[in-house]
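Only a predicted model underlies this, so the values are computations on that prediction, with no experimental measurement involved.
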Amino acid sequence: MASTPPAPAPGRSLPVALLQTVYLLLGLLAVSALAGVLMAAFFLPMVSAGSAVAKDGVDLFESYPTELEVEPLNEASRIEASDGSLLATFYTENRIMVPLEEISPHMQNAVVAVEDRRFFEHGGVDPKGMIRAMASNAAGGATQGGSTLTQQYVKNALLMDAVQRGDQEDQIAATEQSYGRKLREAKLAISLEKTWTKDEILNAYLNVAQFGPSQYGVETGSRHYFSKSAVDLNPGEAALLAGITNGPNQYDPVSHPEAGEKRRNEVLGDMRREGHITDEEYETYTAQPVEEMLEIQNVRAGCADAGTSGFFCDYVTRSLLNDPSFAPTYEERRKLLYGGGLTIRTTLDPATQAAAVDILQRKVPGDAQHGFGHSIVTVEPGTGKILTMAENRSFNPFEEVKPGESAINFNVPQALGGGSGFPVGSTFKPFVLQEWLENDRSLYDKVSTVRDPITYAPAKCLGGGAWRESSGWNPDNAVSVPIAPMESVLNSTKFSINTSYTDMASQLDLCNIANTARNIGVVPATYNPYDPTTWEMPIEDMYGTELAPAVLVLGELRISALDMASAYATYASGGTYCKPQGISEVVDRNGDPMEISGAECHQAVEKDVADAMAWTLQQDLEDPRATGKGKIIEGHPAGGKTGTSGSQFHTWYVGFTRQMSTAVWFGHPNANVRPGGFAVDGQMLRSGSVWGNTISLPTWQEYMTRAHEGLPSEPFPAAPTPPASPSGEVVQEGVVPDVSGMVLSQAEDAVTSAGYTPQVQREASSDVGQWYVIGTNPAAGTRLPEGETVVIRQSTGGN
């Protein structure tokens with residue numbers, strides 16, 4: 001922006017004004033031979049008359065610094081999707097720095113013509129221009145600016161530096177209307193011309209000047225007014241921008257089109273005078289109404305401008321602001337984000353993001369009166385890259401919020417923009433299963449399904465080494481298939497049998513189960529994943545009273561969907577857990593990579609255990625009788641688990657292929673409300689009849705099907721090898737196996753494996769407990785042709 005000294009005060013005498021002029025000019029004489037020759041000739045009589053003033057002027061001039069020392073200008077940072085498309089910009093001053101070769105020659109010519117037509121001739125100070133301006137000012141005429149482009153750059157650089165440092169005194173010094181300020185700027189400009197080329201000075205000016213009410217630098221101004229880069233500006237557009245700098249609000253062509261057009265034409269006239277455009281071009285561009293030139297692109301700072309990716313954008317910025325690897329303090333991190341000119345490249349896949357938003361808004365519109373929420377988040381197994389983060393709301397961080405808008409990210413922990421999480425229901429059961437397998441248990445082990453109050457469970461980290469409750473906890477089941485009194489762990493998982501998992505938990509250790517979950521990133525959503533104490537604190541302190549069978553088995557823990565998707569990705573990747581990561585790279589304004597925490601991948605689960613988990617959850621999805629209802633991803637092996645919280649307030653499906661792990665949540669974000677009385681995809685919901693496979697699973701299936709279009713099919717691991725029979729002998733075909741002591745389903749499997757048809761006969765026994773097998777008829781060890789019937793004698797107890 002051009003700077004001008006003040007108009008003479010009313011009543012100021014001509015001699016006094018001239019003495020002030022001499023005061024400045026004497027300083028310039030000390031450093032500029034050219035200025036000295038011209039000005040001394042013009043003002044020699046007054047110099048002799050005011051020698052004392054002259055000496056003071058030279059002393060003052062010499063007291064000013066000779067080098068311009070300022071911090072790099074604030075520059076807008078970009079957040080990009082994985083394909084390089086822009087998600088959002090962050091800035092204190094909306095500025096995009098570009099080299100001179102990326103600025104149209106028309107723009108360069110326009111600025112020089114209107115602001116400093118002798119720019120390529122002077123040495124930082126233009127004596128002719130200064131004499132003209134000061135003579136006019138001293139005589140009481142209209143205020144004129146005698147500043148060169150170099151001086152204007154110095155002024156703007158000093159001002160922006162003071163603003164960035166928050167130095168109020170320096171801000172006043174950089175803008176005060178005084179000859180002292182002009183003197184300092186002149187000395188710095190002359191010094192700058194000795195070290196910088198004209199092109200470097202012109203480029204610096206074009207990047208620092210204000211080209212609109214909140215547009216800093218020519219690239220930003222060009223994008224704002226014309227939706228194009230500065231390199232593509234034509235003479236008319238260049239003239240319009242060059243004219244704005246003299247009054248960014250006064251000549252804004254949006255707010256003041258007539259003033260903007262008049263100013264544009266003045267600049268075009270200057271360009272014609274200097275030979276930069278022809279008469280014909282002048283006539284063409286001055287004839288164009290300014291409104292026809294504009295193609296406004298309003299860019300707001302922050303994630304509110306990121307559209308359907310606003311919540312992901314907010315997560316990314318919060319991740320950076322929480323990341324000590326990025327910069328030591330929060331204030332340093334914030335300064336880098338808002339003024340460092342960073343390019344933040346993210347992991348977001350625009351295609352899968354668009355599919356997720358489309359599905360969510362169609363199924364559960366965010367502005368519907370019922371207020372229910374629906375979300376999808378996807379993580380890539382083996383890398384931790386977040387591919388999708390969507391919910392049925394629009395991101396709005398401002399005070400005024402309309403229906404369907406929110407600032408709360410349903411998918412992430414509280415510290416990264418989420419709430420306190422939502423109860424995950426039976427999607428927590430795989431962590432109990434993982435602990436079971438890590439303790440050398442088997443999927444084929446039998447566990448009780450009988451409903452029995454539980455008053456005790458091992459928990460070595462609690463007082464007395466156990467959880468105890470005198471009144472007991474009496475779990476119930478909500479399964480849709482008949483179950484035997486004893487079922488395999490595999491069936492207990494497929495049918496999500498609460499009583500079976502209670503039996504499993506009571507044979508394990510509650511503290512170990514919780515630590516197993518934490519080791520693959522599953523922590524309550526109120527804990528900050530960037531805080532080291534989250535991963536180091538005693539598990540009993542983290543869980544508190546929630547370290548109980550009811551909470552762990554039924555999943556009443558409030559965990560973020562992002563952490564659930566990342567944990568399940570561990571099973572899909574053969575045991576590699578990766579901290580979820582939305583940022584692939586951050587580069588500074590010079591294009592150099594900056595340090596960030598990264599995904600931090602490590603082998604968290606032994607491969608055979610992870611493979612067994614993946615295979616088991618595949619059966620849960622593929623078996624039409626299981627909770628996954630056979631809702632497969634056609635052509636892509638997949639697995640997962642449903643979840644329904646207590647009272648059916650929240651429902652989930654978390655599932656994966658080898659390429660993607662996705663968590664889907666449905667519920668009310670603000671209150672515990674049973675969904676019902678409205679339709680989803682044409683299906684009317686009945687309160688009390690909404691489960692994990694009612695809404696969340698179909699959403700997961702549709703989204704994953706679309707997301708996997710064109711991807712190769714990647715196979716899952718084979719089934720784990722069944723263990724030997726309890727007697728230690730492998731079942732032999734053609735020989736009746738020893739099934740005494742087994743539960744019925746286990747005995748039936750053994751008899752069938754030997755090649756026989758099992759038939760059950762129940763009889764009383766005082767020696768063998770109820771439901772367990774007494775023996776067979778024929779007896780164990782009998783050789784019998786395959787296909788024969790073998791009677792399994794099951795005990796009814798002593799009565």
Over all atoms of both residues, closest heavy-atom pair of [X] and [Y]:
{"X": "Thr388", "Y": "Ala356", "answer": "CG2-CB, 3.6 Å"}
{"X": "His374", "Y": "Val364", "answer": "CD2-CG2, 3.7 Å"}
{"X": "Leu437", "Y": "Ala612", "answer": "CD1-CB, 3.9 Å"}
{"X": "Ala525", "Y": "Ser560", "answer": "CB-N, 3.9 Å"}
{"X": "Tyr571", "Y": "Ile520", "answer": "OH-CD1, 3.6 Å"}
{"X": "Pro720", "Y": "Trp615", "answer": "CD-CE3, 3.5 Å"}

By side chain to side chain donor-acceptor pair (under 3.5 Å) - contacts of Tyr501 (at least two apart):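 Per chain and number, Tyr501 pairs via side chain to side chain donor-acceptor pair (under 3.5 Å) with Thr493.
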Would you please classify the geometry between the Phe395 ring and the Phe311 ring as parallel, tilted or perpendicular, with 30° and 60° separating the classes?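 If you compare the ring of Phe311 with that of Phe395, the planes turn out perpendicular.
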Do Phe716 and Phe656 make the cut of ring centroids closer than 6.0 angstrom?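 Ring centroids of Phe716 and Phe656 are less than 6.0 Å from each other.
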Going by distance alone, is a donor N or O of one side chain under 3.5 Å from an acceptor N or O of the other, for [X] and [Y]?
{"X": "Thr627", "Y": "Asn693", "result": "no"}
{"X": "His708", "Y": "Thr657", "result": "yes"}
{"X": "Ser566", "Y": "Lys579", "result": "no"}
{"X": "Lys429", "Y": "Ser492", "result": "no"}
{"X": "Tyr577", "Y": "Gln603", "result": "no"}
{"X": "Glu332", "Y": "Thr329", "result": "yes"}
{"X": "Gln414", "Y": "Ser420", "result": "no"}
{"X": "Thr378", "Y": "Tyr703", "result": "yes"}

Candidates Phe649, Phe666, Trp665 - the one meeting ring-ring contact (aromatic ring centres under 6.0 Å, His included) with Phe422: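 Among the candidates, only Trp665 passes.
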May I ask you to test the [X]-[Y] pair for a side-chain heavy-atom distance under 4.5 Å?
{"X": "Leu321", "Y": "Leu337", "result": "yes"}
{"X": "Val690", "Y": "Thr651", "result": "yes"}
{"X": "Val551", "Y": "Tyr543", "result": "no"}
{"X": "Leu711", "Y": "Glu709", "result": "no"}
{"X": "Thr526", "Y": "Pro413", "result": "no"}
{"X": "Val401", "Y": "Ser406", "result": "no"}
{"X": "Val412", "Y": "Met389", "result": "yes"}
{"X": "Ile359", "Y": "Val357", "result": "no"}

Results of salt bridge (Lys or Arg N to Asp or Glu O under 4.0 Å) for Asp608 - residues two or more places apart only: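 Here no residue qualifies.
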Qualifying residues under salt bridge (Lys or Arg N to Asp or Glu O under 4.0 Å), relative to Arg78, sequence neighbours excluded: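 In terms of salt bridge (Lys or Arg N to Asp or Glu O under 4.0 Å), with neighbours along the sequence ignored, Arg78 is linked to Glu80.
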Side chain of [X], backbone of [Y]: donor and acceptor closer than 3.5 Å?
{"X": "Asn298", "Y": "His224", "answer": "no"}
{"X": "Ser77", "Y": "Leu342", "answer": "yes"}
{"X": "Asp611", "Y": "Gly575", "answer": "no"}
{"X": "Asp588", "Y": "Gly341", "answer": "no"}
{"X": "Thr662", "Y": "Gly655", "answer": "no"}
{"X": "Ser573", "Y": "Thr576", "answer": "yes"}
{"X": "Thr644", "Y": "Gly692", "answer": "yes"}
{"X": "Asp541", "Y": "Met537", "answer": "no"}
{"X": "Glu391", "Y": "Arg393", "answer": "no"}
{"X": "Arg223", "Y": "Gln297", "answer": "no"}

Answer yes or no: is there an ion pair linking Arg95 with Glu75, defined by an N-O contact shorter than 4.0 Å?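 Salt bridge between Arg95 and Glu75, a charged N being under 4.0 Å from a carboxylate O: no.
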When you check the gap from the basic side-chain N to the acidic O, do Lys494 and Asp623 get nearer than 4.0 Å?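 Yes, charged N to carboxylate O under 4.0 Å.
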If you look only at pairs with a residue in [range], which of them pass as a side-chain hydrogen bond (donor to acceptor under 3.5 Å, both in side chains), with sequence neighbours excluded?
{"range": "residues 356-366", "answer": "Asp358-Arg706, Arg362-Asp681, Arg362-Glu702, Lys363-Asp681"}
{"range": "residues 312-323", "answer": "Asp314-Arg318, Asn322-Asn528, Asp323-Ser597"}
{"range": "residues 334-349", "answer": "Arg345-Glu585"}

Run the side chain to side chain contact (heavy atoms under 4.5 Å, CB included) test on Met594 and Val587 for me, step by step, so that the C-alpha distance in whole Å, both residues' side-chain angles and the decisive distance to 0.1 Å come before the verdict. CA-CA 5 Å; Met594 300 184 68; Val587 298; 5.9 Å; no
Among Ile344, Leu320, Thr89, which residue meets the side-chain contact (heavy atoms from CB on, under 4.5 Å) test with Ile79?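 Looking at Ile344, Leu320, Thr89, the match for Ile79 under the side-chain contact (heavy atoms from CB on, under 4.5 Å) is Ile344.
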Quick one: NZ on Lys641 to OG1 on Thr616, what's the gap to the nearest 0.5 Å?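 So the gap between those two atoms works out to 12.0 Å.
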Verify side chain to side chain contact (heavy atoms under 4.5 Å, CB included) between Lys402 and Asn396, making sure each step is shown before the conclusion. CA-CA 9 Å; Lys402 300 176 183 177; Asn396 182 355; 5.8 Å; no
Begin from the C-alpha positions of Ser229 and Glu219 and carry the test side chain to side chain donor-acceptor pair (under 3.5 Å) through to its verdict. CA-CA 6 Å; Ser229 293; Glu219 178 69 14; 3.2 Å; yes
